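What follows is one structure encoded as structure tokens, with my remarks underneath.
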Amino acid sequence: MPPTFLSLNNTLSKQLEAFTPRDPSRVTFYSCGPTVYDDAHIGNFRSFLAADVLRRFIESPLCTVRTADGSLHRGPRTVVHVMNITDVGHMTDDAEGGENGEDRMAVAGRRLEEAKKSGKLPAGTTLDPRDPYQIARFYEHRFREDAIMLGLKLAIAAQSDPTLMPRATESIAGMTTVINRLLKDGYAYTTGQPGSRVVYFSVQAYPGYGKLSGNTLAALKAGEGGRVSEENQSGKKHPADFLLWKEDNSHIMKWDSPFGDGWGKGYPGWHIECTVMAASRLAGVDAAGLATLSLPGAEALIDLHSGGEDNIFPHHECEIAQSCCAFNPQVAHSGQGSYAAMWFHPRFLFVEGAKMSKSKGNFFTARQLVEKGIQPAALRLELIRTHYRSNANFTMQGLEDSARMVERWRKIASAATPGTPAPSPEHPLLAAVADALHNDLNVSEAIAQLNRWTNTLGTPTAADAAALLAVDAILGVLELKQLQGQTSEIGIYLPGVSPSPEVEAKLRTRAEARKAKDFATSDRIRDELLAMGLTIKDAPGGKVEVGKK
RNA sequence: GGCCGCGUACCAAAGUGGACGAAUGGAGCGGAUUGCAAAUCCGUUUGCGCAAGCACUCGUCGGUUCGAAUCCGACCGCGGCCUCCA
């Protein structure tokens, strides 16, 4: 029996659970965002887009949510969706949360410096590759562009409300406040020599540690063999203790360390930033407010929290521990609290059957693909169409399939007329889509239902278009900008193909040959173009559409 | 070694006890259209058979059940995490 209200597989309980926000008319949602020392790749975007589809569905009139008292809430509903920008550079060799190796921001700087020298930076880029803040802003800007291009509602909303995408470097005061709370309440401790002191979170102080990932402290201790250097272990009470702050005056990004007399500058560990940004934006408190923020009982601070599957451990495990101990200290000692009620973790994306990696050459960023002429709508559909809890397989064939589906839907959508009333949720298509999405956000099933419905259509009416658009408000595909190709007198060049005098001449010769019914010549020219990697298609009006093979 | 997830037809991908030879998209095949293509539209695709029907399918082998792709066990294969990574 499919649920009639939104149910999701909660990583915390490993079960399908009703999603029951504290206030169903205003849902709080936090997604772990990008690190900005490189462009986000399509795997990153699969995770962000899954969260976006979920957010759109929760906001849609099609979504029903069960409330704590068992009644059903049908809306209207808004989602306050926050995604952080990790612009603190963490370490390449990040064994314990940021102590060794080289700072990633510094590595990015070297890469940018080389790009600058070889003239590979986009025109108009003024950037000092030695300044980590400029590097971070450079990639952050590109991330926002990509996210908007792919229809991430959050990024669109953040244009007018920047607090929805907070930066780690602008949340340092909150971090030190929370760390001081943890120190005061005995959940954290300091160790090390002046100049290189560290603050660790003590995992043994929180009995709930391990609940999300299924790891036990004993197993973590046993599995630790050889992977963690002796140096990092000394001073730790337990091998799984993680870094909250590191005093290091030589770091390229550093801030005051208000943890006692004589502390120099330092930088935060990589788990604490999410706790602080989520709490301040979603609980609505400033840095000072974090000093007293307290939740009754073991209540969750936020309704929904997402991140890639690799975030489950250690990142989200640590986030839960430190957040519960900081904000629910009266119950944290019992191991209670979950900080977020529902944990949503999309699985990894493969490319042509293999794990994506730079060395295998199957590594793509969203902007690379779009520069090659891939329509953003096709890319978005390809990245969302597989169920979020399966490893999706990204293929060029799949991208073509998605592009075709988008075209078919666009044709129906073009029947829309202004003023057509929104379809009722009882509309067969909308009801079928709602059933699919209520059931653990089954996007594949929803798309199948949509296609099945389109197959029953004759000439689409305005009402059909309105129904389709109601579904697309969730999928977010048709609203995306369409790349425009270039047109000449004779050719329509698809995105990614640029006209050249050579091609233009061939098209002209072919047109003349066809006019003279010299089909041998016209076919020969088509073969020649094919050999150049171009496909052609005679369009109405005598023009020829030129695409890439 | 520990924890978690996955394995479906030519490909991608839903389905998680009966309506399943298995949704949906692609590819293939047949047809419409086109000078021919491409695109689009319609039909169709396990085997044998004209058909009714029979036989064999959802990693493998067993089990539970009147009934299993779906539940249980073992095994094989793949992936994630246990070091940064969506």
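Predicted, not measured: the structure shown is a model, and the values here were computed from it.
- A:K14 comes within 4.0 angstrom of sugar-phosphate atoms only, judged by non-hydrogen atoms across all strands, and of no base.
- With distances taken from any side-chain atom of A:N215 to the nucleotides B:rA39, B:rC3, B:rG35, the minimum falls on B:rC3.
- Not counting sequence neighbours, the partners of A:S13 by the side chain to side chain donor-acceptor pair (under 3.5 Å) test are A:E17.
- Residues A:I42 and A:S444 both approach RNA chain B. Their nearest nucleotides, taken by heavy-atom distance, put A:S444 toward the 5′ side.
- Here A:G398 lies out of heavy-atom contact (under 4.0 Å) with every strand.
- Distance check on atom P: B:rC29 versus B:rU46 gives 16 Å, rounded to whole Å.
- Counting only N and O atoms by type, the side chains of A:E504 and A:Y493 include a donor and acceptor under 3.5 Å apart.
- B:rU16 makes up no base pair with any nucleotide shown, lacking Watson-Crick or G-U wobble contacts both under 3.5 Å.
- B:rA38 makes up no base pair with any nucleotide shown, lacking Watson-Crick or G-U wobble contacts both under 3.5 Å.
- Contact of the A:T535 side chain with the A:V546 side chain is not registered, since no non-hydrogen atoms from C-beta on lie closer than 4.5 Å.
- Between B:rA12 and B:rG59, the two P atoms lie 14 Å apart (nearest whole Å).
- Across the protein-nucleic acid pair, A:I312 atom CD1 and B:rG2 atom C1' stand 15 Å apart, rounded to whole Å.
- Taking atom P in both B:rG17 and B:rC71, one finds a spacing of 7 Å when rounded to whole Å.
- Across the interface with RNA chain B, nearest-nucleotide mapping of A:E309 and A:N442 shows A:N442 to be the residue nearer the 5′ end.
- The pair A:R508-A:E512 does not count as a salt bridge, with every side-chain nitrogen at least 4.0 angstrom from each carboxylate oxygen.
- A:D146 and A:R367 are joined by a salt bridge, as a carboxylate oxygen and a charged side-chain nitrogen come within less than 4.0 angstrom of each other.
- Using a 4.0 Å heavy-atom cutoff across all strands shown, A:P314 reaches sugar-phosphate atoms only and no base atom.
- Atom C1' of B:rC54 sits at a distance of 40 Å from the matching atom of B:rG5, rounded to the whole Å.
- Looking at heavy-atom distances under 4.0 Å, A:H387 makes contact with sugar-phosphate atoms alone, never a base.
- Checked for salt-bridge contact, A:R524 and A:D518 miss the test: no charged N lies under 4.0 Å from a carboxylate O.
- Nucleic acid contact for A:L450: none, since no nucleic acid atom lies under 4.0 Å from a heavy atom of the residue.
- Atom C1' of nucleotide B:rC85 and atom CZ of A:F350 are separated by 14 Å, given to the nearest angstrom.
- Side chains of A:T395 and A:E352: a donor-acceptor N/O pair is absent below 3.5 angstrom, by distance only.
- Sorted by first and then second residue, the salt bridge (charged side-chain N to carboxylate O under 4.0 Å, His left out) pairs with a member in residues 305-316 of chain A read A:E309-A:R347; sequence neighbours excluded.
- Among the heavy atoms of the strands lying under 4.0 Å from A:S390 are primed sugar atoms or P, OP1, OP2 only; no base atom is included.
- Using atom C1' as the reference point in both B:rU16 and B:rA27, the two lie 28 Å apart (nearest Å).
- Spacing between B:rG63 and B:rA68 at atom C1', rounded to whole Å, works out to 12 Å.
- When the P atom is compared between B:rA9 and B:rC4, the two are found 27 Å apart, to the nearest whole Å.
- A:N311 comes within 4.0 angstrom of sugar-phosphate atoms only, judged by non-hydrogen atoms across all strands, and of no base.
- For the pair A:Q368/A:T365, a side-chain contact is recorded, criterion being any heavy-atom separation below 4.5 Å from C-beta on.
- Residue-to-nucleotide contacts include a donor-acceptor pair under 3.5 Å from the side chain of A:R526 to the base of B:rC36.
- A:R510 is linked by a side chain to side chain donor-acceptor pair (under 3.5 Å) to A:D538, counting only residues two or more places apart in sequence or in another chain.
- Nucleotide B:rA52 has no partner under the Watson-Crick or G-U criteria, as no pair reaches both atom distances under 3.5 Å.
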Using a 4.0 Å cut-off on protein heavy atoms (strictly under), produce a 5'-to-3' string for nucleotides 24-34 of chain B with B for base contact, S for backbone-only sugar-phosphate contact, and - for none.
-> SBSS-------
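- Spacing of P atoms, B:rU65 relative to B:rA14, comes out at 32 Å, to the nearest Å.
- Across all strands shown, A:F348 has heavy atoms under 4.0 Å from base atoms, whether or not it also approaches the sugar-phosphate.
- Nucleotide B:rC84 forms no Watson-Crick or G-U wobble pair with any nucleotide shown, as no partner meets the under 3.5 Å limit on both distances.
- When both pairing distances are held under 3.5 Å, B:rU60 makes a Watson-Crick or G-U pair with B:rA74.
- The CZ atom of A:F242 sits 12 Å away from the P atom of B:rC84 (whole-angstrom rounding).
- Remark: P of B:rU8 and CG of A:N393 are 11 Å apart, rounded to the nearest angstrom.
- Rounded to a whole Å, the CZ atom of A:R347 is 10 Å from the C1' atom of B:rC81.
- Screening A:F363, A:F48, A:F143 for a ring-ring contact (aromatic ring centres under 6.0 Å, His included) with A:H41, the sole residue that qualifies is A:F363.
- Under the salt bridge (charged side-chain N to carboxylate O under 4.0 Å, His left out) criterion, the residue pairs touching residues 389-410 of chain A are A:R389-A:D440, with sequence neighbours excluded.
- Protein atom CG of A:L212 is 21 Å distant from nucleotide atom P of B:rG2, rounded to whole Å.
- Counting non-hydrogen atoms under 4.0 angstrom, A:S213 reaches the backbone sugars and phosphates but no base.
- For A:D310, whose side chain is taken as the heavy atoms from C-beta onward, the closest listed nucleotide among B:rA13, B:rG80, B:rC84 is B:rG80.
- When rounded to the nearest whole Å, the span between CD of A:Q15 and P of B:rG5 equals 11 Å.
- If you check every strand for non-hydrogen atoms under 4.0 Å, A:D538 touches a base.
- Salt bridge status for A:R111 with A:D38: present, with a side-chain N to carboxylate O gap under 4.0 Å.
- Scanning residues 44-53 of chain A for heavy-atom distances under 4.0 Å to RNA chain B yields A:N44, A:S47.
- Pairing for B:rC29 is with B:rG43, a Watson-Crick or G-U wobble pair whose two hydrogen-bonding atom distances lie under 3.5 Å.
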